[in-house]
Protein chains: 2
Amino acid sequence: MKLSEGVEAAIHCAAVLARLEDGRALPASALAELHGLSPSYLLKHLQALSGAKIFESLPGPNGGYRLARAPERISLLDIVLAVEGAEPAFRCAEIRQRGPGALEPTAYVKPCGIKVAMLRAEKAWRAVLAETKLSEIVAGYQAEADPRAVAFNCAFVGRHQRPQGRSFPKAPK
Amino acid sequence: MKLSEGVEAAIHCAAVLARLEDGRALPASALAELHGLSPSYLLKHLQALSGAKIFESLPGPNGGYRLARAPERISLLDIVLAVEGAEPAFRCAEIRQRGPGALEPTAYVKPCGIKVAMLRAEKAWRAVLAETKLSEIVAGYQAEADPRAVAFNCAFVGRHQRPQGRSFPKAPK
DNA sequence: CTTATTGCGGATAAATAATATCCATGATAT
DNA sequence: ATATCATGGATATTATTTATCCGCAATAAG
């Protein structure tokens, strides 16, 4: 079982955007450069996040990405599901319905007990992710990271952030 | 994020072995046929489980697989880790150490907050799997499955189980 | 209106992992 | 001796992940 590397990248990007001044945006190229990631691949994840209404995108020059809502209202689960997809990690292939001795499909009304148990565990995983907000990640970063790294990030973001304010030129459809 | 199909197969196999008479074994071919799975691929998972001391294997004619300990002492986590490997699903690529503004590696003494949060969620997942025992899965199956399926399984197992008792000819190394 | 910048979406290629198969070997009950 | 069965390595096949590229639409600025 593996999570894609895109999850880590997405959370890092979200944390950077959370620390922008209100309403400002950052272009994808800056996010990629800051994290040393391939711009073309990061774009895929950014698009997924903006499709999930977690990020907002502003086209045109001075465009870029920003958070669609306050960091307290974005959970790690939101980000993980946007990047990885919402299907559970355990995909029941209904092995119980295979082999000799299989009954007609309508005989399997009750869910497979193995599936139930596996999904129960996954629910616990999701619950922890859901109660961990992006704001906590940002607070932890500010408190624990090396002051030099924090300073560099502030300077970098200051150089690249775009001047859009909270009011949209046109609501993104 | 996805679990391999082998996990489902492994748990089904474990549940079947749990219902054998004490000390009896079942050959891999019978397990594969019963579940409609490819014998050569299932073998891989069976070997992993026997390597993890969850199953025991008996070579030779009348050989096969059986549980290495009582179903109450085998958790779903044991099985999942044996099949999927023990590494966590979230592999931190230390993105924070990349890009411009990266510091010398020794500057990162505190663990990455994102990694900590992701592993905390995974710990919750593992905890639920650890407290779910194979015996519960078997009990649920006996109680909820279609009586015809249960009867078929009993008959099938009865035809294929091997007569070994609890005493080993030689302890497996 | 033109131009430069930026995100969007699709197509595609490369790398990696999961799935599946085969074969030679060793153990063992009959 | 022989047939049965697990072991372990090698290898093919398929799916998924990662990465790149290009034409398109939107938009701010001149």
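So that the names make sense, note that chain A is the first sequence line, chain B the second, and so on, each numbered from 1. Because the structure is a prediction, the values reported are computed rather than measured. No hydrogens, no waters, no symmetry mates; every other heavy atom, side chains included, goes into these values.
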Exercise. If you look only at pairs with a residue in residues 18-37 of chain B, which of them pass as a ring pair (Phe, Tyr, Trp, His ring centres under 6.0 Å), with sequence neighbours excluded?
Worked result: B:His12-B:His35
Exercise. Are A:Ser4 and D:dT18 close enough that a side-chain N or O sits under 4.0 Å from OP1 or OP2?
Worked result: yes
Exercise. Sequence neighbours excluded, which residues qualify as side-chain hydrogen bond (donor to acceptor under 3.5 Å, both in side chains) partners of A:Ser50?
Worked result: none
Problem set entry | Interatomic distance where CD belongs to B:Glu33 and P belongs to D:dC5 [whole Å] | 12 Å
Exercise. Does the distance from a Lys or Arg side-chain N to an Asp or Glu carboxylate O, for B:Glu131 and A:Arg120, drop under 4.0 Å?
Worked result: no
Exercise. Atom CD of A:Glu84 and atom C1' of D:dT18: how far apart are they, to the nearest Å?
Worked result: 13 Å
Exercise. Over how many whole Å does the gap from A:Leu26 atom CG to C:dT6 atom C1' extend?
Worked result: 13 Å
Exercise. Other hydrophobic cluster members with B:Tyr141, side-chain heavy atoms of Ile/Leu/Val/Met/Phe/Trp/Tyr under 4.5 Å, chained?
Worked result: B:Val150
For this session: Establish, with yes or no, whether the OP1 or OP2 oxygen of C:dT6 is under 4.0 angstrom from a side-chain nitrogen or oxygen of A:Arg162.
Result: yes
Exercise. Any side-chain N or O of A:Asn62 less than 4.0 Å from the OP1 or OP2 oxygen of D:dA29?
Worked result: yes
Seminar exercise, completed: Sorted by chain and number, sequence neighbours left out, side-chain hydrogen bond (donor to acceptor under 3.5 Å, both in side chains) with B:Arg73 holds for none
For this session: Return the set of residues passing ring pair (Phe, Tyr, Trp, His ring centres under 6.0 Å) with B:Tyr41 (not counting sequence neighbours), or none when no residue passes.
Result: B:His45
Exercise. Apart from A:Tyr108 itself, what residues make up its hydrophobic cluster, given side-chain heavy atom links below 4.5 Å?
Worked result: A:Leu103
Exercise. Looking at residues at least two apart in the chain, or sitting in another chain, which of them share a side chain to side chain contact (heavy atoms under 4.5 Å, CB included) with B:Gln161?
Worked result: B:Leu20, B:Glu21, B:Arg24, B:Leu26, B:Val157
Exercise. At what angle, to 10 degrees, do the two end axes of the helix from C:dC1-D:dG30 to C:dT30-D:dA1 meet, given five pairs define each axis?
Worked result: 10°
For this session: In plain terms, say whether A:Glu33 and A:Arg159 are close enough for a salt bridge, that is, a side-chain N and a carboxylate O under 4.0 Å apart.
Result: no
For this session: To the nearest Å, give me how far apart CG (B:Leu58) and C1' (D:dT7) are.
Result: 14 Å
Seminar exercise, completed: In numerical order, the residues of residues 36-52 of chain A whose heavy atoms come under 4.0 Å of DNA chain D are A:Ser38, A:Ser40, A:Tyr41, A:Lys44
Exercise. Rounded to whole angstrom units, what separation is found between the NE2 atom of B:His160 and the P atom of D:dT4?
Worked result: 14 Å
Exercise. Can you tell me how far C1' of D:dC5 sits from OH of B:Tyr65, to the nearest Å?
Worked result: 9 Å
Exercise. Taking only residues two or more places apart in sequence, or in another chain, which ones meet A:Glu94 in a side-chain hydrogen bond (donor to acceptor under 3.5 Å, both in side chains)?
Worked result: A:Arg96, A:Gln97
Seminar exercise, completed: On DNA chain D, more 5' by nearest nucleotide between B:Ala28 and A:Gly60 is B:Ala28
Exercise. Among all residues two or more places apart in sequence or in another chain, which pass the side-chain hydrogen bond (donor to acceptor under 3.5 Å, both in side chains) test with A:Gln47?
Worked result: none
Might you list the N or O atoms of the protein lying below 3.5 Å from N or O atoms in nucleotides 14-17 of chain C, with each pair's distance?
unit_1, atom_1, unit_2, atom_2, d
C:dA17, O3', A:Lys2, NZ, 3.3

Exercise. Does a side-chain N or O from A:Ser57 land closer than 4.0 Å to OP1 or OP2 of C:dT6, or not?
Worked result: no
Problem set entry | Pair B:Leu81-B:Leu77, side chain to side chain contact (heavy atoms under 4.5 Å, CB included): steps then yes or no | CA-CA 6 Å; B:Leu81 292 186; B:Leu77 182 62; 3.8 Å; yes
Seminar exercise, completed: To the nearest angstrom, the NE2-P distance between A:His35 and D:dT18 comes to 17 Å
Problem set entry | Between C1' of C:dT19 and CD1 of A:Ile95, the distance in whole Å | 13 Å
